[in-house]
2 protein chains.
Amino acid sequence: MNIIDESGILAISTRLQRLSEQLRKDGALFYKSYGIDFEPKWFPVIYTLHHKEILSVVEIANEIGYTHPSTISLLKELEKQKLIRSKKDKIDERKRLLSLTPKGQELILKMKPVWDVMSNVLKEIADNQNNLLQAINEAENKIKHQSFLQRALQLKSEE
Amino acid sequence: MNIIDESGILAISTRLQRLSEQLRKDGALFYKSYGIDFEPKWFPVIYTLHHKEILSVVEIANEIGYTHPSTISLLKELEKQKLIRSKKDKIDERKRLLSLTPKGQELILKMKPVWDVMSNVLKEIADNQNNLLQAINEAENKIKHQSFLQRALQLKSEE
DNA sequence: CAAAACTACGTAGTTAAATACATAAATAAA
DNA sequence: TTTATTTATGTATTTAACTACGTAGTTTTG
């Protein structure tokens, strides 16, 4: 176990993944406890379309911060669930315009109270002496400013 | 982008994965900058065998905190790299005992200074006003004590 | 000591993301 | 107005983890 404490690059990495998987599973179960058949991974697309109404594939991908192939597979699932639908853009024939179905819009109404609870619980779990979200923000910002690799190479050259 | 800020369960989850992937990639590149052909994901096994010398598959899995199938695939890679080797346990014929090869031991000597730098950079990145490792520990502990699901169900029933 | 339960290992299949590549439409440039 | 470039979408493949299952030794129990 103390590998984790002494380890280099992987320590944080794997633990973050675990944590995220757990949260995802519990999220799905919590939806189920409301009789809602919804997977947490669908949230970003649904939420985006709830606010933006009509978007193309790439636009959604950018909004949710995934690559477009990943986004396409989410969209496929959501179309299968009849929560979203798509039609061709008449102006630009390459584009596929996505929007919520009435079923999708109804579902959102049902999910809103669930999201409320989830959001509070998440706060409860992540808001400690060291706030997880803040810690992530701060780490992301540091990396944005100068990557792990750049920092490491610099430290190496200083020796 | 503000999906991320307002989102429920996925916000943290996906960002943690991204962060970890970036660190992993940079880790690999940094090894390469020393002319070392080593993948960060191999670290836990190598490090464990460096300290424990001889362990079975399941023992390693427990040490590194992975399932045994995942561990087996790591072990396969490392055997292909000739960094570790295995022999049958004479007492318990089901067991396969793993240990470092001389090549593996040599490599560790070369990697030690690299690990030092990495470890420092990781500290630099993760140690902010909100310490990422600490934040993870704290979040993990909270979940250990009461899961996301339990907390959510409780909050739900209190309404 | 034979049957049952447990343990160690391995394989197969799944998942959620990514990259890399392919195609077709739209736009810009010669 | 062809040709080249860029953009939008889609498919195929890869990766790193997982769960589920099967088999073969080992240990425990009746």
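Everything numeric here is computed off the predicted structure, so don't read it as measured data. Below, chain A is the first sequence line, B the second, and so on; all start at residue 1.
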- Query: Are any of A/Ser70's side-chain N or O atoms less than 4.0 Å away from OP1 or OP2 of C/dA16?
  - Reply: no
- Message: Do A/Tyr31 and A/Trp42 pair up side chain to side chain, a donor and an acceptor below 3.5 Å, judged on atom types alone?
- Response: no
- Would you say B/Arg24 reaches C/dA17's phosphate, i.e. side-chain N/O to OP1/OP2 under 4.0 Å? no
- Query: Should B/Ile36 and B/Phe30 count as side-chain neighbours, where that means a heavy-atom distance under 4.5 Å?
  - Reply: no
- Item | DNA chain C-proximal residues of residues 53-60 of chain B, any heavy atom under 4.0 Å | B/Ser56, B/Val57, B/Val58
- Carboxylate-amine/guanidinium contact A/Arg151 B/Glu124, below 4.0 Å: yes
- Phosphate contact (C/dA18 OP1 or OP2) by A/Tyr66 side-chain N/O below 4.0 Å: no
- Item | Spacing between A/Ile64 atom CD1 and C/dA17 atom P, to the nearest angstrom | 9 Å
- Ion pair check, B/Glu39 and B/Arg24, cut-off under 4.0 Å: no
- Item | Proximity to DNA chain C (any heavy atom under 4.0 Å), residues of residues 72-88 of chain A only | none
- Between B/Lys52 and B/Glu59, is there a side-chain N and carboxylate O pair less than 4.0 Å apart? no
- Task: Write down the distance between NZ (A/Lys41) and C1' (D/dC18), rounded to a whole number of angstrom.
- Result: 14 Å
- Message: If I take atom CD in residue B/Glu21 and atom P in nucleotide D/dT14, what distance separates them, rounded to the nearest angstrom?
- Response: 17 Å
- Task: Check the distance between C/dT23's P and A/His68's NE2 and give it to me in whole angstrom.
- Result: 14 Å
- Query: Using a distance-only test with no angle check, is there a side-chain donor-acceptor pair under 3.5 angstrom linking A/Thr101 and A/Arg85?
  - Reply: no
- Task: Could you state the atom-to-atom distance from CG of A/Asp89 to P of C/dA26 in whole Å?
- Result: 9 Å
- Item | Interatomic distance where NZ belongs to A/Lys25 and P belongs to C/dT15 [whole Å] | 12 Å
- Interface residues of residues 91-99 of chain A with DNA chain D (non-hydrogen, below 4.0 angstrom): A/Arg94, A/Lys95, A/Arg96
- Taken to the nearest whole Å, CD/B/Glu39 to P/D/dT14 is 15 Å
